[in-house]
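In what follows, a structure is listed as structure tokens, so that the remarks can point back to it.
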There are 2 protein chains.
Amino acid sequence: MATIKEVSLLARVSPATVSRVLNGTTPVASATRVRVLEAVEALQYKPNAFARGLATNRSGGIGVTVNAVSSPFFGAFVAGVEQVLRPAGIHLMLSSGFADLANERESIEFLLERRCDGLIVQAERLDDGFLVDLVRGPTPVVIFGRRIAEIADACVVTDNELGGRLATAHLLDHGHRRIGHVTGPLAFPDARARLHGYRRALEGAGVAYDERYVVESTFDEEGGAQAAVRLLERAPELTALFLSNDQMAAGAMRALRERAIEIPTDLSIVGYDDVFLARYLTPALTTIRQPLVDMGRTAAHLLLGRLGHIGEEVVHRFDPELVERQTVARVAA
Amino acid sequence: MATIKEVSLLARVSPATVSRVLNGTTPVASATRVRVLEAVEALQYKPNAFARGLATNRSGGIGVTVNAVSSPFFGAFVAGVEQVLRPAGIHLMLSSGFADLANERESIEFLLERRCDGLIVQAERLDDGFLVDLVRGPTPVVIFGRRIAEIADACVVTDNELGGRLATAHLLDHGHRRIGHVTGPLAFPDARARLHGYRRALEGAGVAYDERYVVESTFDEEGGAQAAVRLLERAPELTALFLSNDQMAAGAMRALRERAIEIPTDLSIVGYDDVFLARYLTPALTTIRQPLVDMGRTAAHLLLGRLGHIGEEVVHRFDPELVERQTVARVAA
DNA sequence: TTGTAGGCGTTATCAC
DNA sequence: GTGATAACGCCTACAA
């Protein structure tokens, strides 16, 4: 692969001049400029990013770690990030953490070693302390999906408690009083916040919080299916279920259908996330939407600001909103 | 950030020795080795990937471009790639092409500039010539999802014609004779191949191919919905529809339900891809599955082979298979 | 406007 | 087993 020196030879100028033409750092006489460009074209010259990075100490790319690039949930977020970074001429280096501590750490180190100019991090397992250190380190970092008090202005989050309240309030509004809740693993702050919102909404409406109506499970279909069944066996008087994400809701719907429980006639259901599949379920799932694309855009803007680009004013906390579809019915009188 | 020199100073050895310890290239006395490791730890030293890349001319990562990282379809593929590359200590640099010519080209150039050790490319718009040149260039490249004769052994594909035949044969087996087909944009070889398979299956069963039963559309829900409606207006005698992908099928199902057409009673439907959502549709969609994860794994193995790792024998062309669910009924007598 | 020269942090090739 | 030293390809003062 051609080097800047070969180009300079062919164009009969110094390497420095080639560099100047390519980077536009200093004016260059248009005649020489043309010669250089021609030589570049002729040699199919592409600057060596290593050498450039070594010289400038910048990579021209920013790193993004999310739990799983392949998940539709994070996909939407990444799409938002890409929307604003592309036009700014910044490229993305993606890396999946797969909800594994070692993986998450490695991913970040990998990106850091490549001297990413900045980092957008969504991590499930890494502890707050690690992230605080990261944010306070030399590389600009934005955290997605987790609010850490010490570094709140580097975090982009939605208000999960509000989301839990919205979901529950929606059911209360439809006359439900015996509302079950399937939480995600309570090790996750998101799951805890949603549970908390559920509880607050209940108590705000004068409905006593009942432990028997709550069960913890995993954030997947199987988790939703099993928990829903268990909950209904334990408390058949339930008229509605709020599940901590859409996959769980999908699993619950399947399991309940197999048991001839009609939705929403016999039981109302609300999910969380408004994942792609929510609208395809039958009946279509009423759920809580997080503005993921917007959040991605915001995270990118925030990072851009930290990178010294002219910043925009930026919202750090987004409000989730209810998406009403077909899984909630007014409770039978 | 600490450099190798600082480490060498602290450990009271030469930079060369530090390098040796870290890379295990040459035996080092265990006493010095320990001193080095301690210094590395103390200084939190991380090798600078730029400098290393410059010296070795390798990046330790391979590049992947797909149409959209965020799509579940490509997500599965990328997951497969990651499964085999991770254990090999190779990292991924992802970049989305977004079915845009300039973007696709830029993505590849970006990855090439970073001196990726290898490339896995899925491209919608780039022409064959470009890809042939790319594969014949200095960097090892594997092409996913397109078979180009001149470089067939660098391509990992499924047999789309076979897929088209399978889908159509399944409908024929259920007694259908008047089968419509909604193709994707015929500019895409995949769409053409599926159409071709459809036609061959028909003719193989002694059913004349009828142009009126075929309509071209876009690879999304709207495309599927509109095309299905148009097709049925034009040819209400149709008893079955084969759509060129699942999104289209989903759109068609929605549109038809709105028109009170019962599936599969009134009309049978087969999709293509077995995307995540296929099983969530109601009724669940009968479709053609491509073994995406396996294909990702294969692409990675293939690339590893080209990178000089011990290669495995590798299949280049995968057979799609029918996934029977609930959208196909035996035709009414 | 252009050229020269030094340095960025590693690895690799020699010697010792 | 270890230490100098010369690349690797680019950028950026500084000079001219």
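Naming: A, B, ... by sequence-line order, numbering from 1 per chain.
The shortest distance between the side-chain N/O atoms of B:T25 and the OP1/OP2 oxygens of C:dT11 is not below 4.0 Å. Under 4.0 angstrom from either OP1 or OP2 of D:dT2 there lies at least one side-chain N or O belonging to B:T32. Regarding contacts with the backbone of C:dT2, every side-chain N or O of A:S14 stays at 4.0 angstrom or more from both OP1 and OP2. Taking 4.0 angstrom as the limit, A:S19 places a side-chain polar atom (N or O) nearer than this to OP1 or OP2 of D:dC11.
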Atom pairs under 3.5 Å: protein N/O with N/O of nucleotides 13-16 of chain D:
none

Might you list the N or O atoms of the protein lying below 3.5 Å from N or O atoms in nucleotides 6-9 of chain C, with each pair's distance?
residue	atom	partner	partner atom	Å
C:dG9	N2	B:A51	O	3.4

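Using a distance-only test at 3.5 Å, with no hydrogens or angles considered, a donor-acceptor pair links the side chain of A:R146 to the main chain of A:A123. Of the possible donor and acceptor atoms, one in the side chain of B:E6 sits under 3.5 Å from a partner among the backbone N and O of B:T3. A donor-acceptor pair under 3.5 Å is absent between the side-chain atoms of B:D273 and the main chain of B:V275, judged by distance alone. Remark: side-chain polar atoms of B:R35 are paired, donor with acceptor, to backbone N or O of B:A11 under 3.5 angstrom.
Taking the six-membered ring for Trp and thresholds of 30 and 60 degrees, B:F144 and B:F74 have ring planes more than 60 degrees apart, a perpendicular arrangement. By the 30° and 60° cut-offs, the orientation of the rings of A:H91 relative to B:F110 is parallel.
Residue B:R12 contributes atom CZ, which lies 15 Å from atom C1' of D:dT2 at whole-angstrom precision. Between the NZ atom of A:K5 and the P atom of D:dA7 there is a distance of 10 Å, rounded to whole Å. Counting to the nearest Å, the P atom of D:dG9 and the CZ atom of B:R114 are 17 Å from each other. Rounded to a whole Å, the CD atom of A:E6 is 14 Å from the C1' atom of D:dC10.
Counting non-hydrogen atoms of other residues, nucleotides and ligands closer than 6.0 Å to NZ of A:K5 gives a total of 12 or fewer.
When every heavy atom of A:P15 is checked against every heavy atom of A:I4, the shortest pair comes out as O-CD1, 3.6 Å. Across every non-hydrogen atom of A:T139 and A:D117, the tightest pair is CG2-O, 4.0 Å.
Of the two residues contacting DNA chain D, namely B:T56 and B:P15, the nearest-nucleotide position lying further toward the 5' end is that of B:P15.
By the 4.5 Å heavy-atom criterion applied to side chains, B:L85 and B:L304 are counted as neighbours. Contact annotation: the side chain of A:L112 never approaches that of B:K46 to less than 4.5 Å [non-hydrogen atoms, C-beta and beyond].
Among the heavy atoms of the strands lying under 4.0 Å from A:N23 are primed sugar atoms or P, OP1, OP2 only; no base atom is included.
Recorded end-axis angle for the helix from C:dT1-D:dA16 to C:dC16-D:dG1 stands at 40°, based on five pairs per end and rounded to 10 degrees.
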